[in-house]
Amino acid sequence: PYSDEWWIDRIAKMTSSKIFNICGEKGIGDLGLTYIRSKVHEKLTGKPTEKNFDTEETIFGVTNEPASIKNYSIKYDAPIIVVNKHIIYDDLYTATPDFLVIKRDFGDNYDCETGETKSYMVNHLQMCECDTPEDIKKVNKQLYWQVISQMMFADVIVGNATFYNPEFTGKALQHRVVFKKINLMNDFKLLKNRMEEARIIYNNLYNKWK
């Protein structure tokens, strides 16, 4: 992530980290239209519209990500982890989960879970108070739809959001919320519908201006 190649691969693609823009309850909405236009702009120009702003908050998060994944692996007994797997869902949608937990049973059947880790400087404790995906949806819709879309793009039935801050100890050091697709089917359907609607708008705009 954040390499030149990674940024290039994201040009003209809607990403899991920003897909909340099109996930309005009543439709795409103005926020979604603005996001779609930015992706059409990228398609027409070949240049990214997103920028990686090196704020204190983002630097804190990126710096702590490796330690968070390592601690997660130990705390939650997840020994096999693929880090920062770039998943291209199709020509318009992509995701880069922070990690994938890959489990194998004795019959050589493999199961995979996505994982998104966040290290917040200010609202870490607020996120640690979230126990369910619904709790996260109320306070952080961007993260909620990020995890949902990562699960869809990776074709898995379990996803994880984990919150890590090394300045805390004990229970506040790291917290996890588990997403299970079976309990979130309505929002998986909503996301699928919004993606199809966004694709139509994207194609219409691109064909108009190309």
Side-chain angles (χ1 to χ4, degrees), residues 1-10 15-20 48 50-88 94-104 110-181 184:
Y2 310 114
S3 66
D4 291 341
E5 293 82 1
W6 183 76
W7 283 110
I8 290 172
D9 283 343
R10 290 162 59 96
T15 66
S16 61
S17 61
K18 297 293 182 65
I19 206 153
F20 77 100
E50 297 181 38
K51 301 295 183 182
N52 180 27
F53 297 107
D54 291 329
T55 64
E56 184 180 8
E57 185 82 22
T58 58
I59 292 173
F60 184 85
V62 171
T63 301
N64 287 314
E65 186 174 303
S68 173
I69 295 172
K70 182 178 180 179
N71 190 71
Y72 181 96
S73 177
I74 297 171
K75 181 175 181 178
Y76 297 109
D77 190 24
I80 304 175
I81 290 184
V82 178
V83 179
N84 295 322
K85 175 66 175 177
H86 189 199
I87 300 170
I88 298 177
T94 185
T96 310
D98 289 330
F99 59 89
L100 301 175
V101 178
I102 301 176
K103 301 177 180 180
R104 184 179 67 179
Y110 291 84
D111 188 23
C112 179
E113 301 176 4
T114 60
E116 183 66 24
T117 180
K118 301 294 185 185
S119 290
Y120 297 115
M121 296 181 66
V122 178
N123 61 342
H124 174 71
L125 291 180
Q126 180 187 27
M127 300 312 301
C128 285
E129 291 170 0
C130 294
D131 294 317
T132 68
E134 290 75 14
D135 292 338
I136 291 180
K137 189 177 183 180
K138 292 177 182 177
V139 299
N140 193 333
K141 288 186 177 181
Q142 180 172 356
L143 174 59
Y144 177 82
W145 290 109
Q146 184 176 10
V147 177
I148 294 286
S149 60
Q150 287 177 354
M151 292 169 64
M152 178 183 290
F153 297 174
D155 192 23
V156 302
I157 60 174
V158 177
N160 300 278
T162 184
F163 309 99
Y164 177 83
N165 188 319
E167 295 177 348
F168 291 87
T169 59
K171 294 180 180 180
L173 173 66
Q174 187 155 41
H175 179 66
R176 175 177 70 168
V177 176
V178 178
F179 287 60
K180 295 183 178 180
K181 185 176 180 179
L184 302 164

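The structure displayed is predicted, hence computed values, not measured ones.
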Legend entry - Exceeds 12 heavy-atom contacts within 6.0 angstrom, atom NZ of K85: no

Legend entry - Pair Y72, D98: side-chain N/O donor-acceptor within cut-off below 3.5 Å: no

Inset, instruction - Give the C-alpha distance, both sets of side-chain angles, the deciding distance and a yes or no for side-chain contact (heavy atoms from CB on, under 4.5 Å) between E167 and F60. - result: CA-CA 11 Å; E167 295 177 348; F60 184 85; 3.9 Å; yes

Inset, instruction - Mind checking the CD1-OG1 spacing from I19 to T94? Nearest 0.5 Å is all I need. - result: 10.0 Å

Inset, instruction - First locate atom CG of N160, then atom NZ of K180, and finally report the distance between them rounded to the nearest 0.5 Å. - result: 10.0 Å

Legend entry - K75 NZ: over 12 foreign heavy atoms closer than 6.0 Å: yes

Inset, instruction - Please report the closest heavy-atom contact between P97 and E116, naming both atoms and the distance. - result: CA-OE1, 4.1 Å

Legend entry - Reported NE2-to-CZ distance for the pair H86 and F153, which is rounded to 0.5 angstrom: 10.5 Å

Inset, instruction - Examine the side chains of S68 and N71 and answer whether a donor and an acceptor come within less than 3.5 Å of each other. - result: no

Legend entry - Pairwise side-chain contact, Q146 with F20, heavy-atom cut-off 4.5 Å (strictly under): no

Legend entry - Stepwise side-chain contact (heavy atoms from CB on, under 4.5 Å) test for L184 and I148: CA-CA 9 Å; L184 302 164; I148 294 286; 3.8 Å; yes

Inset, instruction - Under the side-chain contact (heavy atoms from CB on, under 4.5 Å) rule, what do F163 and I136 come out as? Steps first, then yes or no, please. - result: CA-CA 12 Å; F163 309 99; I136 291 180; 4.0 Å; yes

Inset, instruction - Check whether any side-chain heavy atom of D135 sits under 4.5 Å from a side-chain heavy atom of E129, and report yes or no. - result: no

Inset, instruction - State, with a plain yes or no, whether a side-chain heavy atom of V139 is found less than 4.5 Å away from one of C130. - result: yes

Inset, instruction - Give the minimum heavy-atom separation between T114 and M151, together with the two atoms involved. - result: OG1-CG, 3.6 Å

Legend entry - Reported NZ-to-CD distance for the pair K118 and E65, which is rounded to 0.5 angstrom: 8.5 Å

Inset, instruction - Please name the pair of heavy atoms, one in N64 and one in P166, separated by the smallest distance, quoted to 0.1 Å. - result: OD1-CG, 3.4 Å

Inset, instruction - Go through N140 and Y120 one step at a time and tell me if the side-chain contact (heavy atoms from CB on, under 4.5 Å) criterion holds. - result: CA-CA 12 Å; N140 193 333; Y120 297 115; 3.2 Å; yes

Inset, instruction - Would you name the heavy atoms of P66 and T63 that are closest together and state the gap between them? - result: CD-O, 3.5 Å

Inset, instruction - Run through L143, N165, T162 and flag the one making a side chain to side chain contact (heavy atoms under 4.5 Å, CB included) with M127. - result: L143

Inset, instruction - Output the distance between atom CZ (F168) and atom SG (C128), rounded to the nearest 0.5 Å. - result: 7.5 Å

Legend entry - Closest approach of M121 to E57 (non-hydrogen atoms, all atoms of both residues): N-OE2, 3.0 Å

Inset, instruction - Could you check if a side-chain atom of Y164 sits within less than 4.5 angstrom of a side-chain atom of L173, using non-hydrogen atoms only? - result: yes

Inset, instruction - State the CG-CZ distance between D131 and R176, to the nearest 0.5 angstrom. - result: 12.5 Å

Inset, instruction - State, yes or no, whether a side-chain contact exists between D77 and P79 at a heavy-atom distance under 4.5 Å. - result: yes

Inset, instruction - Evaluate whether atom CG of L125 has more than 12 neighbouring non-hydrogen atoms of other residues, nucleotides or ligands under 6.0 angstrom away. - result: yes

